[in-house]
Each structure stands twice: as C-alpha cells, then as structure tokens.
Amino acid sequence: MSATVTVTVPSARGAQSVTVAYTRKGSGEPLLLLHGIGHHRQAWDPVVDILAAERDVIAVDLPGFGVSPALPSGLDYDLATTTSVFGALCEALDLDRPHVAGNSLGGLLALDLGREKLIRSVTALSPAGFWSPSERRYAFGVLLAMRRVAERMPLPLVERLSRSAAGRAALTSTIYARPGRRSPEAVVAETLALAHATGFTDTLRAGTSVQFTDDIPEIPVTVAWGTRDMLLVKRQGIRAKHVIPRARLVRLPGCGHVPMNDDPALVARVLLDGSR
C-alpha cells in the first residue's frame, strides 16, 4: 500500500512543501529506488520482493510522476531541486545515508545524491547524463513520441493491446527487451502513468542541459547497462566509466532500458552487490 510524506525544501519564494508517494518493504540496510522519466515506482515491482529479503526497500514516485503530486510553483524540475527533495525525504523517513539505486532519470538522480555525499552507495541502471548531443536528441524524441501516443490512445485500446504479447511489445518494446514478460495490468498502468505524468514536460526540458561530468570518489558506484538498451545506447556506459573511474561497470545481457522486468534475478543481484 502506498504512503506519502511531505517535506520542506528551499526555493526563491521561500520554503515550499513537496509531497512524495512511496512504498516500503523488507528489513536490513535501507535501499531507495528511483524510477525513470514518465514511469512510476511500480517499475521496480519485479525485483522488490527479492531485494526486501535483505534490504529495507523504499520505492518512490518522483515528484510529478506516479501518484506524487507535481512540484509547487517556484520549484524547478532540475537536479538541484530533486536532490533537495530526496535529501529531505531521507531525513523525514529517518534514512541515515541510504543506498540508492536508480534507472534512467532515477540513475542520474542517484549519482547526483552520491556526488552530494548524501548516500552510502549508488547503483545506476542506464543512467541519463552520459549522452552525446545527438544521442540526447534521439532519446528525447523517442520519449516525446511515446508520451504523445500514451496521451492519445483510448484506454479500451490500451487494455485490448495489453492482452497479447504482440500488443505489449507495440506499447513497451522501446524500454523492454522482453516486453511479453510484462503483465497486461502493468502495461496498462505504466501507459496511464506516462500519459498523466504532470512533471514530464518540465523534467524533459530541464534535461536538455544536463551532462554528468563529476567523479564520485568516496562512495561505491555501480553502473549497469542493458546490452539491448534502445533508448540510451550502451556505449554511454563506457563514458560513465571514464567519468567515474572507480565505478564498477556491469553488462546486463539481453536487457533493455528498463531491465528490472527483463531479468529480475540478474538485476536484483546487481542491486544487492552494489549496496553492500
């Protein structure tokens, strides 16, 4: 069941309240999970039960995504704001420098939290921010196209497509290498999440100037990339390794951009190894 927490973050207009939805399960050292743009925390469902056997798992909806409300007026959807939100979230939930894992946008946010020394380890799955200008334009174009389709497609059609493996592939093959493994209910839910994400446009706009260029020398960093990632191509993982030389670079064979559903056992093992 979802819970919410409201935190206070600074802005040019003074302190602002931000509400974040999350689920929490398991016991052990805390592990915070951050999803990608247009997605929601249920992206982590395939691995949560495995992780919860060894970790206190907190999966969140980023502000303006899933069921987390949009950021209030005066707060931007940029790295500085989001890092402030999650720093305050950790304090509110009594998470003392948790491990953090993120996918895509969430991977970039996890790396930024690591850069700010707010956490004890980072595992980033196909993180944003290591693209060339042409690769970023391509990825943003694909994301915008996916968003338009999700917004315009009638719900009965989404539900009908989700009932077949071919239909699920039509809806989600951009982010999953094995879309047939995604359940019909999950495909419907994430299509609606993409269509209704209030933070999508502003987050994408903020990302046009983002490039992650700083080393993170003081905490363990794992960067993992699916070999069949069609959104952020795998050579970006090599660039990440050059930027963060001590990072452990892991290949995820047969996995796409959102690898948790493509190979839950492998991804869970990478997350557990990265958060020791």
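Residues take their numbers from the sequence shown, with the count starting at 1. Just so you know, these numbers use all the heavy atoms, side chains as well, and skip hydrogens, waters and symmetry mates.
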Cluster link Val48 to Val187, ILVMFWY, side chain under 4.5 Å: no
NZ or CZ of Arg136 within 45° of Phe140 ring axis and under 6.0 Å: yes
Within-4.5 Å side-chain heavy-atom neighbours: His39 and Ser104: no
Backbone N/O of Gly226 and side chain of Lys234: donor-acceptor pair under 3.5 Å: no
Tyr77 side chain vs Arg205 backbone, donor-acceptor pair below 3.5 Å: no
Ser17 side chain reached by Thr8 side chain, heavy atoms, under 4.5 Å: yes
4.5 Å side-chain heavy-atom contact, Val67 and Arg41: yes
Non-hydrogen side-chain atoms of Glu54 and Arg276 separated by less than 4.5 Å: yes
Shared hydrophobic cluster, Tyr138 / Val149 (ILVMFWY, side-chain heavy atoms < 4.5 Å): no
Stepwise side chain to side chain contact (heavy atoms under 4.5 Å, CB included) check, Arg248 with Val270: CA-CA 10 Å; Arg248 183 174 66 118; Val270 170; 4.3 Å; yes
Test side chain to side chain contact (heavy atoms under 4.5 Å, CB included) applied to Leu109 and Leu62, step by step: CA-CA 10 Å; Leu109 297 175; Leu62 303 182; 3.9 Å; yes
Residue Arg269 excluded, over 12 heavy atoms near CZ under 6.0 Å: yes
Backbone of Pro98 reached by a side-chain donor or acceptor of Glu29 within 3.5 Å: no
Side chain to side chain contact (heavy atoms under 4.5 Å, CB included) evaluation trace for Phe130 with Val223: CA-CA 11 Å; Phe130 297 99; Val223 176; 5.9 Å; no
Smallest separation among heavy atoms of Leu95 and Pro30, with atom names: CD2-CB, 3.9 Å
Heavy-atom pair with the smallest gap, counting every atom of Val20 and Asp61: CG1-O, 3.5 Å
side-chain hydrogen bond (donor to acceptor under 3.5 Å, both in side chains) evaluation trace for Ser275 with Arg55: CA-CA 9 Å; Ser275 59; Arg55 299 286 183 273; 2.9 Å; yes
Side chain to side chain contact (heavy atoms under 4.5 Å, CB included) between Phe212 and Ile244, worked out: CA-CA 10 Å; Phe212 198 90; Ile244 311 168; 4.1 Å; yes
Note, Leu252 side chain near Asp263 side chain (heavy atom, < 4.5 Å): no
Side chain proximity check, Leu71 to Val18, heavy atoms < 4.5 angstrom: yes
Ala177 backbone acceptor or donor facing Asp262 side chain under 3.5 Å: yes
Interatomic distance, Asp56 atom CG to Leu31 atom CG [nearest 0.5 angstrom]: 8.5 Å
Interatomic distance, Ile119 atom CD1 to Leu113 atom CG [nearest 0.5 angstrom]: 5.0 Å
Sidechain-backbone polar pair: Ser68 side chain, Gly64 backbone, donor-acceptor under 3.5 Å: no
Where Ser121 and Gly274 come nearest, the two heavy atoms and their spacing: OG-O, 3.2 Å
Donor-acceptor under 3.5 Å (Glu116 side chain, Ser84 main chain): no
Hydrophobic cluster membership, Met146 vs Met153, 4.5 Å side-chain cutoff: no
Shared hydrophobic cluster, Ile175 / Met230 (ILVMFWY, side-chain heavy atoms < 4.5 Å): no
Taking every non-hydrogen atom, the tightest pair across Val47 and Pro264: CG1-O, 3.5 Å
Short side-chain donor-acceptor distance under 3.5 Å, Thr6 and Thr19: yes
Side-chain donor-acceptor contact under 3.5 Å, Thr83 with Arg115: no
Backbone N/O of Ala21 and side chain of Thr4: donor-acceptor pair under 3.5 Å: no
Electrostatic pair Asp215:Arg246 at N-O distance under 4.0 angstrom: yes
CG on Asp96 to CG on Leu118, rounded to 0.5 Å: 11.0 Å
Phe86 side chain reached by Val60 side chain, heavy atoms, under 4.5 Å: yes
Minimum heavy-atom distance between Asp78 and Ala206, given as atom pair plus value: CA-CB, 4.3 Å
Between CG on residue Leu108 and OG on residue Ser126, distance to nearest 0.5 Å: 12.5 Å
Arg168 side chain vs Arg182 backbone, donor-acceptor pair below 3.5 Å: yes
Atom CZ of Arg152: over 12 foreign heavy atoms under 6.0 Å: no
Distance (rounded to the nearest 0.5 Å) between Asp229 CG and Cys255 SG: 10.0 Å
Cluster check Leu171, Leu144: I/L/V/M/F/W/Y, side chain < 4.5 angstrom: no
Inter-residue atom distance Asn261.CG - Thr172.OG1, 0.5 Å rounding: 8.5 Å
Any donor-acceptor N/O pair, Arg147 side chain to Leu194 backbone, under 3.5 Å: yes
Enclosure of Glu151 CD (heavy-atom neighbours >12, cutoff 6.0 Å): yes
Nearest heavy-atom neighbours spanning Tyr176 and Glu190: OH-OE1, 2.9 Å
Val188 side chain near Leu155 side chain, heavy-atom distance below 4.5 Å: yes
Candidate list Leu34, Leu271, Thr23, Val57, test side-chain contact (heavy atoms from CB on, under 4.5 Å), partner Trp44, passing option: Leu271
Ring geometry between Phe65 and His35 (parallel below 30°, tilted from 30 to 60°, perpendicular above 60°): perpendicular
Donor on one side chain, acceptor on other, Thr123 and His99, under 3.5 Å: no
Any donor-acceptor pair under 3.5 Å from Trp225 side chain to Leu232 backbone: yes
